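Data block below; observations after.
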Amino acid sequence: MAFFPMFVELQGAPCLLVGGGTVALHKAAVLKDFGAKVTVVSPHLCSALQNDRQLICMKKPFDTADLDEKTLVVAATDNQALNRHIAQLCRERNIPVNAVDQAEDCSFIFPAYVKEGDVVAAFTSGGNSPLLAQHLKAQVRQFLTPELAELARFLGSIRPRVKKEIPPGKARRQAFHALLELGLQTHRIPAPAELEAVLAKYRPSSR
Ligand SMILES: C[C@@]1(CC(=O)O)C2=NC(=C\c3[nH]c(c(CCC(=O)O)c3CC(=O)O)Cc3[nH]c(c(CC(=O)O)c3CCC(=O)O)/C=C3\N/C(=C\2)[C@@H](CCC(=O)O)[C@]3(C)CC(=O)O)/[C@H]1CCC(=O)O
Ligand SMILES: NC(=O)c1ccc[n+]([C@@H]2O[C@H](COP(=O)([O-])OP(=O)(O)OC[C@H]3O[C@@H](n4cnc5c(N)ncnc54)[C@H](O)[C@@H]3O)[C@@H](O)[C@H]2O)c1
């Protein structure tokens with residue numbers, strides 16, 4: 001059964017990462033990429049984790065109390081039984097949990113993703129082939145550019161104004177469509193005069 005791609009807000013979310021090796025380092029980078037507040041618990045921490053001021057590092061073995069107040073957990077130790085035990089504890093507490101490379105113990109899995117600003121494309125193969133997910137990510141990298149993210153930011157910034165000036169329905173949809181097309185064709189954000197022209201065209205008074 002395929003996994004549902006639920007895009008979750010992680011900004012400021014207290015997340016627990018158990019383990020301090022190469023795999024934990026990669027997962028920490030991903031969680032930080034989405035603004036999570038990551039606590040790392042492990043008796044041994046690689047230097048990159050230890051020196052990262054954005055992380056809260058606790059040099060000690062995992063303890064059940066480490067789960068308190070956490071909204072997401074990643075079990076990334078080299079002990080599969082421990083990773084499974086942590087997953088079980090999380091399930092009892094309804095905390096989403098990933099046990100690295102142990103799909104059967106995960107309540108969520110990590111996707112291969114491309115992120116530009118707030119635009120995110122993410123792939124999973126449902127655990128069948130992480131390499132296939134990586135391959136699809138590489139394809140998307142070619143057209144998910146920083147310019148596209150800038151266009152998305154612009155379209156977000158003018159959204160309230162468009163909504164205020166054009167009532168919901170066909171005209172509003174066409175206005176958003178026109179602005180997107182303009183951006184995609186010119187590879188830049190529409191100029192103020194271009195925005196005004198689109199708004200004027202689709203405003204009720206001028207139709
Ligand atoms: C996408 C990515 C995200 C990330 O890690 O952030 C990710 N794995 C990545 C890479 C990767 N992982 C592996 C290889 C070696 C090639 C190979 O084995 O195929 C490579 C390639 C490489 O290393 O280049 C080995 C591997 N992975 C899993 C198993 C267990 C098994 O198969 O049973 C084994 C065998 C271990 C063994 O040998 O025993 C399991 C999982 N790995 C997942 C995610 C979840 C399913 C994602 C999906 O649906 O596809 C899942 C289920 C759980 C999880 O960990 O979340 C990341 C790419 C990041 C990027 O580039 O953006
Ligand atoms: N590194 C890879 O490329 C890779 C690839 C595929 C799979 N894996 C698997 O992922 C897992 C982690 O890999 P790694 O390379 O990060 O391993 P690692 O040996 O570098 O790190 C394991 C970490 O787990 C920590 N740990 C052990 N017991 C703990 C406990 N009780 N509480 C908290 N932390 C504890 C250790 O201190 C260590 O920091 C392994 O099971 C490995 O087989 C790794």
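Count residues from 1 along the sequence. Whatever order the structure lists ligands and atoms in, that order sets their numbers, starting from 1. Just so we're clear, the structure is a prediction, and the values are computed from it rather than from any experiment.
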Protein non-hydrogen atoms only, distance under 4.0 Å: does atom 3 (O) of ligand 2 have such a neighbour?
no
Under 4.0 Å from atom 42 (C) of ligand 2, do we find at least one protein heavy atom?
no
Could you tell me whether a side-chain N or O of [X] sits under 3.5 Å from a main-chain N or O of [Y], the two making a donor and an acceptor?
X      : Y      : result
Arg91  : Val97  : no
Asp52  : Leu49  : no
Asn79  : Leu82  : yes
Ser42  : Leu45  : no
Lys27  : Val23  : no
Arg93  : Leu89  : yes
Arg203 : Ile166 : no

Checking heavy atoms under 4.0 Å, the part of Ala76 that sits near ligand 2 is backbone
For ligand 2, note which part of Asp101 has a heavy atom under 4.0 Å away: side chain, backbone, both or neither.
side chain
Between Glu196 and Arg161 (salt bridge meaning N to carboxylate O under 4.0 Å), is one present in this structure?
yes
SB check Asp33 Lys115 (cutoff 4.0 Å):
yes
[X], any N or O under 3.5 Å of ligand 2 N or O:
X     : answer
Phe62 : yes
Asn79 : no
Ser42 : yes

Nearest-contact summary for [atom] - protein heavy atom, Å:
atom                    : result
atom 17 (O) of ligand 2 : Asp78 CB, 4.2 Å
atom 15 (O) of ligand 2 : Thr22 OG1, 3.8 Å
atom 31 (N) of ligand 2 : Leu82 CD2, 3.2 Å
atom 24 (O) of ligand 2 : Thr77 CA, 3.3 Å
atom 1 (N) of ligand 2  : Val23 CG2, 3.5 Å

Kindly work out whether a path of hydrophobic side-chain contacts (I/L/V/M/F/W/Y, heavy atoms less than 4.5 Å apart) joins Leu179 to Leu199.
yes
As a test of reading the model: which residues have a non-hydrogen atom less than 4.0 Å away from ligand 1?
His26, Lys27, Asn98, Val100, Asp101, Ala103, Ile109, Phe110, Pro111, Ala112, Thr124, Ser125, Gly126, Gly127, Ser129, Pro130, Leu131, Ala133, Gln134, Lys137
Evaluate the salt bridge (charged side-chain N to carboxylate O under 4.0 Å, His left out) criterion for residues Arg188 and Glu194: first the C-alpha distance (whole Å), next the side-chain angles of each, then the deciding distance (0.1 Å), finally the verdict.
CA-CA 12 Å; Arg188 57 165 175 75; Glu194 291 170 326; 3.0 Å; yes
Tyr113 ring center within less than 6.0 Å of Phe34 ring center:
yes
Nearest heavy atom to atom 34 (N) of ligand 2 wins, so pick from Cys46, Pro130, Ala75, Pro43.
Pro43
Best match, Gly20, Gly21, Gly19: closest heavy atom to atom 18 (P) of ligand 2
Gly21
Ligand 2 atoms nearer than 4.0 angstrom to some heavy atom of Val41 are 33 (C), 34 (N)
For the residue pair Arg173 and Tyr202, would you count it as a cation-pi contact if the rule is NZ or CZ under 6.0 angstrom from the ring centre and within 45 degrees of the ring axis?
no
